[in-house]
There are 2 protein chains.
Amino acid sequence: MNARPRPPAITDVASAAGVSYQTVSRVINDHPNVATDTRERVLDAMQRLGYRRNIAARALKTRRTGVFGVVASGSHLFGPTRTLVSIEQAARAKGLFVSLATVDLQHKDEVTAAIEHLLDQGVDGIVVVASHDEAAAAVLESTTQVPVVVAGRAAGEHTLAVAIDQEAGAKVATRHLLDLGHRDVLHLAGPAPWVDARARAVGFRETMAAAGLAPRTLWADDWSAEVGYLAGQELVARVRRRRSTLPTAIFAANDLLALGMMHALADARLNVPHDVSVVGYDDGDGSAHFVPPLTTVAQELEELGYRCVELLLAARDGTATSSSVAVSPRLLVRESTAPPRDPARVLL
Amino acid sequence: MNARPRPPAITDVASAAGVSYQTVSRVINDHPNVATDTRERVLDAMQRLGYRRNIAARALKTRRTGVFGVVASGSHLFGPTRTLVSIEQAARAKGLFVSLATVDLQHKDEVTAAIEHLLDQGVDGIVVVASHDEAAAAVLESTTQVPVVVAGRAAGEHTLAVAIDQEAGAKVATRHLLDLGHRDVLHLAGPAPWVDARARAVGFRETMAAAGLAPRTLWADDWSAEVGYLAGQELVARVRRRRSTLPTAIFAANDLLALGMMHALADARLNVPHDVSVVGYDDGDGSAHFVPPLTTVAQELEELGYRCVELLLAARDGTATSSSVAVSPRLLVRESTAPPRDPARVLL
DNA sequence: CTTCGGTGATCCCTTCCACCG
DNA sequence: GCGGTGGAAGGGATCACCGAA
């Protein structure tokens, strides 16, 4: 059961370096009053012995593990995945460790269980990468001693959050379409339980309203290309049955929805962008090479992850507890958007 | 520095339950000789106090943290990301924790540093999700006391590995094209330092050779759509200058390369699949809705992650040290493949 | 005043050993 | 001798002191 040989401890280093284990501890923790040459001797001994500080012992004493937990979506979503990576890198740069728990964010129980799992590990803080209502609810209900940050969600009263200004992203996307001359724009919104989806929808509606235009919004059930495709098929069917008109532009809440939508449009022999313009959101993998290359909104996900770690550290150390807002997204204009078709032309 | 209040320990539970802390420990560790009613009393007390076992103390004593480290690619690659998720879920199902370190796998130093980082945390084992030569070299050079598994790499002599049979995947993909009647097939291979890329190339070549056909292989610099696009542009240019012929089918080493290739073909007004068939690999997000929907190869990445954890556990406990091979991939036929065009037709 | 050694206490748990019916 | 329980001994590091060069 306990076959592992005993690794070198601080006392071993001490005797190897000919100093007391006190001094070794001082070297490890960068205490001031250590002579340079003794420090060298100690470091050298640590090197020779392959000493590695036992973090279990340290954590036991200090009541700090130096581990942050991250709850992330187990489904392969572009934004959250990149956020996760950036969180990890920011944490590691600060000498912290990141423990992962992946879940289906739609199930509050799973999120709660994941948080429990991380707390069992004694994490110093948790980031929940999810602007999903269920996940947020799970966070609110959890009574943890450690700080919890929700990444990508607008700040709540009691939760710490770092949010990207999704409304702003939606606004630039919508403005872009309006500037091209579009008046009849449809927004294929993401799944409503996602805060991001709602924020983008708000940004869309407000921009349309500000221009005195009537916004049309369609809500998707998830973020997948498949759902975008089905939404597109249904739209085409409704237009064919004259129950609806074909918008001149569509703003999809993410790239995959846009991809599925473009697929449905292509099936109906509609040309993007000449018949219909399409804008996505995320600048996900490959979107620059969709047919046609997708105009989309890129986010500073690295920045988001970095700020999560900063906030968590500040909260842990009691330095600060205010939420912060990351920078705004920016528009990437590619080939899926163009001025509107002649409105007189009847398609389908 | 140490502001956190002291959480309940087993002694607190013990006095609350009116037993010795010994008995509490027995309850926690499911020892046999505990009377049912005392066990109940203890569990009840734990519940009331909100007791959480201090894993640092446990780890200190047992020399086991119950944490596995995962080194994964920081770039947003489809396969590795899904593998990471499945590893985490398999680990959590077994009550283990997963600590993450993301790196650029092409830099051996980074992989080495990531492994060091995880070892600093006292992980019980490490999975390196990378069939990249540099990463594998880093693993070979690292002299760790804990087992290291390379996910997705063919088993080496000294490393543990769980591999997916990439050759088999490439073979079914190639066979599919040959069965459709193609004779002139080009393989757009992934970056050569990746074991997966080479394995797929081997599967391709062998299948071609077995059919008495001459294989053509083009090596990409990375797995991105951009590189696929550039490769496609170059291919088209060479064909236009009559320095090469246009293959009737292209087997790309992943979906993004295929996407970029299809983009380049579309630019050249070539129709997929009527002029050129295209097959991808991964069944990545959205590939079912590319234009046209991509025929591709799906892998059992969940199985891969699960086996990694199994292997790591076995290695940690000294049960087994043999490498295992996960199941074979399967072909998904969609709309990007068709019988070859009339060879007499001259395109471009 | 700086640099270092020494001691003792502590963190919380697991494991070995001993006890009692 | 066995089921149920308790006591003591670490495990490796941090921290607070005191003392001594």
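As rounded to whole Å, 14 Å separates atom P of C:dC12 from atom CG of B:Leu49. If you measure from atom CG of B:Asn54 to atom P of C:dT10, you get 17 Å, rounded to the nearest angstrom. One can place CZ of A:Arg39 at 12 Å from C1' of C:dT3, the figure rounded to the nearest angstrom. Here D:dC15 presents its C1' atom at 6 Å from NZ of A:Lys61, a figure rounded to the nearest Å. One atom, CD1 of A:Ile55, and another, P of C:dC12, lie 16 Å apart when rounded to the nearest Å. With rounding to whole Å, B:Ile10 atom CD1 is found 6 Å from C:dT14 atom P. B:Asp120 places its CG atom 16 Å from the C1' atom of D:dG12, with the value rounded to the nearest Å. Atom-to-atom, CG of B:Leu60 to P of C:dT10 comes out at 17 Å; the value is rounded to the nearest Å.
For D:dT14, one of the phosphate oxygens OP1 or OP2 lies less than 4.0 angstrom from a side-chain nitrogen or oxygen of A:Asn29. The side chain of A:Arg64 places no N or O atom within less than 4.0 Å of a non-bridging phosphate oxygen (OP1 or OP2) of D:dT14. Put simply, A:Arg63 has a side-chain N or O that comes within less than 4.0 Å of OP1 or OP2 on C:dC12.
Both distances falling under 3.5 Å, in either a Watson-Crick or a G-U wobble arrangement, occur for no nucleotide opposite C:dC1.
Less than 4.0 Å separates DNA chain D from at least one heavy atom of each of the following residues of residues 15-25 of chain B: B:Val19, B:Ser20, B:Tyr21, B:Gln22, B:Thr23.
Which of D:dT5, C:dT15, C:dC12 sits closest to the side chain of B:Pro7 comes down to C:dC12.
Counting any heavy atom pair closer than 4.0 Å across all strands shown, A:Thr38 reaches sugar-phosphate atoms only and no base atom. If you check every strand for non-hydrogen atoms under 4.0 Å, B:Arg53 touches sugar and phosphate atoms only. Counting non-hydrogen atoms under 4.0 angstrom, A:Asn33 reaches a base of the nucleic acid.
Environment of OH in B:Tyr306: sparse, with no more than 12 heavy atoms of neighbouring residues, nucleotides or ligands closer than 6.0 Å.
What you find for A:Ala138 and A:Val111 is that their closest heavy atoms are CB-CG1, 3.6 Å.
Residues satisfying the side-chain contact (heavy atoms from CB on, under 4.5 Å) test with A:Asp12, not counting sequence neighbours, are A:Arg6, A:Pro8, A:Ala9, A:Leu49.
Between B:Asn54 and A:Arg63, the side chains place no donor N or O within less than 3.5 Å of an acceptor N or O (distance only, hydrogens not considered). Residues B:Ser142 and B:Thr144 bring no donor and acceptor atom of their side chains to less than 3.5 Å of each other.
For the pair B:Asp37 and B:Ala56, nearest-nucleotide mapping onto DNA chain D gives the more 5' position to B:Asp37.
Sorted by first and then second residue, the pairs that involve residues 98-118 of chain A and meet side-chain hydrogen bond (donor to acceptor under 3.5 Å, both in side chains), not counting sequence neighbours, are A:Ser99-A:Gln121, A:Thr102-B:Glu88, A:Thr102-B:Gln89, A:Lys108-A:Glu141, A:Glu116-B:Arg52.
The base of D:dT5 is paired with the side chain of B:Arg26 by a donor and an acceptor separated by under 3.5 Å.
Classification of the B:Trp194-B:Trp223 ring pair by plane angle, with boundaries at 30° and 60°, yields perpendicular.
A salt bridge between A:Asp124 and A:Arg64 is absent, with no side-chain N of the basic residue lying under 4.0 Å from a carboxylate O of the acidic one.
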